[in-house]
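Inspection log for the structure reproduced underneath, given as structure tokens.
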Amino acid sequence: MTLVSKKKIFYRIQPRLRDYLHHYDRETHLPVSYLDLTRFTGSFPLLNRQGRDTLWETVYYEPQALRELSEGLAQVYALLKTAGDLSFTDHLVADRIDYCRFGNSQPFRVRIVNQLNDNYDYFYVKRADASRVYGLELEHLLSPNSMNYLVHGDTLIEEHIAGIPGDDFIRAHLQRPHLNQVRIAKEFVKFNERCFARLLGDMRAYNYVIDVTPDFEDEQYRVRAIDFDQQCYEGKKNMYLPQFFKDNRAVVQLCGQLLTPESIRQYQTEERTLMARRARSERHRLKDLMDCLRHDEVSPPEKVHQLKQQLNQHHHTEQFSRCRSMGDVVRLNLKLMLLAPNKALEG
């Protein structure tokens with residue numbers, strides 16, 4: 001069983017990364033900060049439709065504070081969705097704010113309602129931890145998923161990622177008769193490969209979702225990470241392989257039952273090839289990001305040393321011994337995993 005560090009160190013965004021975010025339009029002025037949302041006056045547990053505790057609390061504020069927050073959060077939503085076009089905000093209202101004390105990020109989840117048709121959407125307000133920002137950027141550049149987020153000071157705004165939470169999917173959907181289990185197994189293999197290549201850790205079942213898309217004959221699935229808190233932080237190699245988490249055992253067993261070793265290697269190669277193509281197409285931006293990461297501190301030295309040793313053993317090399325930072329480790333692991341030289345990973 002893979003054990004996660006009980007408390008991750010918070011790393012502030014340093015000037016080099018701040019310049020990167022500004023250059024690539026990730027940083028903007030926000031009318032509401034994470035600190036503003038912490039000034040709630042009370043809360044009550046949020047239960048799901050089955051009456052189970054979701055580990056979220058719905059928070060409430062003084063009436064005047066709530067009016068100001070609702071207006072500001074509607075503007076934040078406009079910045080996130082319409083590049084700051086405020087002409088739509090008159091009919092938008094933040095009708096519920098939830099808070100999660102569990103884990104490292106302690107996020108707020110804001111529900112924005114369109115009062116003209118009662119349609120609603122969500123976004124998240126979090127502390128702007130550098131690890132999380134690097135994780136979001138690597139997901140945006142190397143995965144099949146575009147990430148929409150904004151940063152200002154110590155506040156991070158993230159778009160909601162739709163899908164069935166992994167733990168709910170495993171518990172309630174995995175054994176359903178209509179489910180195409182082979183496709184689920186295939187997508188988990190690909191997800192496992194993506195996480196390990198870019199060293200995204202702690203992909204326990206509640207840290208990813210399953211995006212289900214009806215197709216003309218069947219359903220397609222995609223496994224999507226939703227928590228990037230443990231981007232290249234841990235020292236144990238297995239932390240970056242979702243297959244080793246107890247929560248994912250049922251899916252791992254499915255892979256073993258339905259996929260041959262040849263099929264698994266095929267899907268791993270497919271995913272590495274796609275990542276290599278994305279790396280080449282985004283080589284300048286990826287190199288800029290790697291330059292930031294290589295000069296940044298995002299993990300304690302003892303964890304960096306431990307991971308270097310374990311990756312040396314995994315890749316049958318001594319190249320990781322020359323790495324001076326966790327950013328160097330990520331860059332080299334990508335280079336070895338993708339098996340396709342490209343300028344974005346050199347230097």
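All values derive from a computational prediction rather than experimental measurement.
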Flag side-chain contact, heavy atom, 4.5 Å: D53 against N48:
no
Q) With a 3.5 Å cut-off and no angle check, do the side chains of R67 and Q64 form a donor-acceptor pair? A) yes
Should the pair R204-D167 be classified as a salt bridge under the 4.0 Å nitrogen-to-oxygen rule?
no
Here the pair of heavy atoms bringing A225 nearest to L200 is CB-CD2, 3.8 Å
Aromatic plane relationship, H91 with F88 - under 30° parallel, 30 to 60° tilted, over 60° perpendicular:
perpendicular
- Message: Closer than 3.5 angstrom, by distance alone: can the side chain of N248 be matched with the main-chain N or O of M203 as a donor-acceptor pair?
- Response: yes
Nearest heavy-atom approach of R222 to E187 is CA-OE1, 4.1 Å
Would you call E137 and R285 a salt bridge, using N to O less than 4.0 angstrom? yes
Ion pair check, E271 and R194, cut-off under 4.0 Å:
yes
Between the OG1 atom in T89 and the CD atom in E71, the distance rounded to the nearest 0.5 Å is 7.5 Å
Start with the C-alpha distance between R12 and D129, add both sets of side-chain angles, then the distance that settles salt bridge (Lys or Arg N to Asp or Glu O under 4.0 Å), and finish with yes or no. CA-CA 6 Å; R12 290 187 174 276; D129 173 60; over 6 Å; no
inquiry  = For the residue pair Y221 / E219, report whether a side-chain donor-acceptor contact shorter than 3.5 Å exists.
reply    = yes
Q.
Please tell me whether Q220 and D215 have a donor and an acceptor in their side chains that are separated by less than 3.5 angstrom.
A. yes
Discussion item. Between R176 and A172 (side chain of the first, backbone of the second, donor and acceptor by atom type, cut-off under 3.5 Å), is there such a pair?
Written reply: yes
Hey, can you tell me if H315 and F320 have their rings parallel, tilted or perpendicular (30° and 60° cut-offs)?
parallel
Between L332 and C323 the two heavy atoms that sit nearest each other are CD2-SG, 3.9 Å
Those residues at least two apart in sequence (or on a different chain) that pass salt bridge (charged side-chain N to carboxylate O under 4.0 Å, His left out) with D168 are R171
TODO: Indicate, with yes or no, if the rings of Y24 and H140 have centres closer together than 6.0 Å.
DONE: no
Rounded to the nearest 0.5 Å, the NE2 atom of H314 sits from the OH atom of Y240 at a distance of 13.5 Å
Could R132 and D229 be called an ion pair, given the rule that one side-chain N must be under 4.0 Å from one carboxylate O?
-> yes
Where the side chain of S33 meets the backbone of D36, is there a donor-acceptor pair that is under 3.5 Å apart? yes
Notebook entry, point to check: Does F191 reach the side chain of V251, with side-chain heavy atoms less than 4.5 Å apart?
Noted result: no
### Message
What I want to find out is whether R109 reaches D98 closely enough, with some N-O distance under 4.0 Å, to be called a salt bridge.
### Response
yes
Is any side-chain heavy atom of L47 less than 4.5 Å from a side-chain heavy atom of R52?
no
Taken in chain and number order and not counting sequence neighbours, the residues that satisfy salt bridge (charged side-chain N to carboxylate O under 4.0 Å, His left out) with E139 are R198
For T155 and V32, the nearest pair of non-hydrogen atoms, with its separation, is CG2-O, 4.3 Å
Would you tell me whether E270 and Q266 have side-chain atoms, one donor and one acceptor, within less than 3.5 Å of each other? yes
key: N180-D218 side chain donor-acceptor pair, cut-off 3.5 Å   = yes
query = Does the N148 side chain pair with the main chain of E159, one donor and one acceptor, at a distance under 3.5 Å?
reply = no
Separation between CZ (F123) and CG (L79), nearest 0.5 Å, reads 9.5 Å
Rounded to the nearest 0.5 Å, the CE atom of M147 sits from the CD atom of E158 at a distance of 6.5 Å
| request: Give a yes or no on whether a salt bridge exists between D296 and R294, defined as a side-chain N under 4.0 angstrom from a carboxylate O. | output: no
>> For N207 and D247: C-alpha separation, side-chain torsions, deciding distance, then whether side-chain contact (heavy atoms from CB on, under 4.5 Å) applies.
In response: CA-CA 10 Å; N207 285 332; D247 312 44; over 6 Å; no
Report task. Check whether any side-chain heavy atom of F169 sits under 4.5 Å from a side-chain heavy atom of I184, and report yes or no. Result -> yes
message = Does the plane of the ring in Y120 sit parallel, tilted or perpendicular to the ring in Y122? Use 30° and 60° as the thresholds.
response = perpendicular
CD1 (I97) and OG1 (T58) are apart, to the nearest 0.5 Å, by 10.0 Å
Discussion item. Using side-chain heavy atoms (C-beta onward) and a distance below 4.5 Å, is V189 in contact with C255?
Written reply: yes
Check your understanding: With the threshold set at 4.0 Å, does a side-chain nitrogen-carboxylate oxygen contact exist between D95 and R111?
Key -> yes
* Asked: Counting only heavy atoms not in Q313, do more than 12 fall under 6.0 Å of its CD?
  -> no
inquiry  = Could you check whether any side-chain heavy atom of V298 comes within less than 4.5 Å of a side-chain heavy atom of Y233, counting everything from C-beta outward?
reply    = no
Can you tell me if N192 and Y267 form a side-chain donor-acceptor pair at under 3.5 Å? no
Smallest heavy-atom separation, S70 atom then A94 atom, equals OG-N, 3.2 Å
Checking L138, L334, N333 against L199 for side chain to side chain contact (heavy atoms under 4.5 Å, CB included), the one that qualifies is N333
**Request:** Please check if L30 and V133 belong to a single hydrophobic cluster, counting links between Ile, Leu, Val, Met, Phe, Trp and Tyr side chain heavy atoms closer than 4.5 Å.
**Result:** no
Check: Y60 ring centre within less than 6.0 Å of F40 ring centre = no
Nearest heavy-atom contact between E57 and S43 is OE1-OG, 2.7 Å
Presence of salt bridge, E62 and R39, under 4.0 angstrom: no
Does R127 make a cation-pi contact with F10, if we ask for NZ or CZ under 6.0 Å from the ring centre and within 45° of the axis?
-> yes
### Message
If you count heavy atoms of other groups shown closer than 6.0 angstrom to CD of Q268, is the number above 12?
### Response
yes
Open item on the list: Looking at L259, is its backbone amide N or carbonyl O close enough to the side chain of S263 to form a donor-acceptor pair, meaning the two atoms are under 3.5 Å apart?
Closed with: no
(Q) Measuring only between side-chain heavy atoms, which start at C-beta, is C292 closer than 4.5 Å to Y134? (A) yes
Report yes or no: do V59 and V113 belong to one cluster of Ile/Leu/Val/Met/Phe/Trp/Tyr joined by side chain heavy-atom distances under 4.5 Å? no
Next on the checklist: Can you confirm whether S131 sits close enough to F228 that some side-chain heavy atom of one is under 4.5 Å from a side-chain heavy atom of the other?
Outcome noted: no
Subject >> Expected output: side-chain T54 to main-chain L46 donor-acceptor under 3.5 Å >> reply: yes
* Does the ring pair (Phe, Tyr, Trp, His ring centres under 6.0 Å) test come out yes or no for F108 and Y99, once each step is laid out? -> CA-CA 5 Å; F108 288 91; Y99 174 60; 4.7 Å; yes
Given the options R18, H152, H22, E27 meets side chain to side chain donor-acceptor pair (under 3.5 Å) only with R18
Output for pair (R26 CZ, L150 CG), nearest 0.5 Å, gives 8.0 Å
Are side-chain N/O atoms of N312 and S321 paired as donor and acceptor at under 3.5 Å? yes
Under 3.5 Å, is there a donor-acceptor pair linking the side chains of D121 and Y77?
yes
H305 NE2: over 12 foreign heavy atoms closer than 6.0 Å: no
query = Under a 4.0 Å N-O cut-off, is there an ion pair linking E193 with R272?
reply = yes
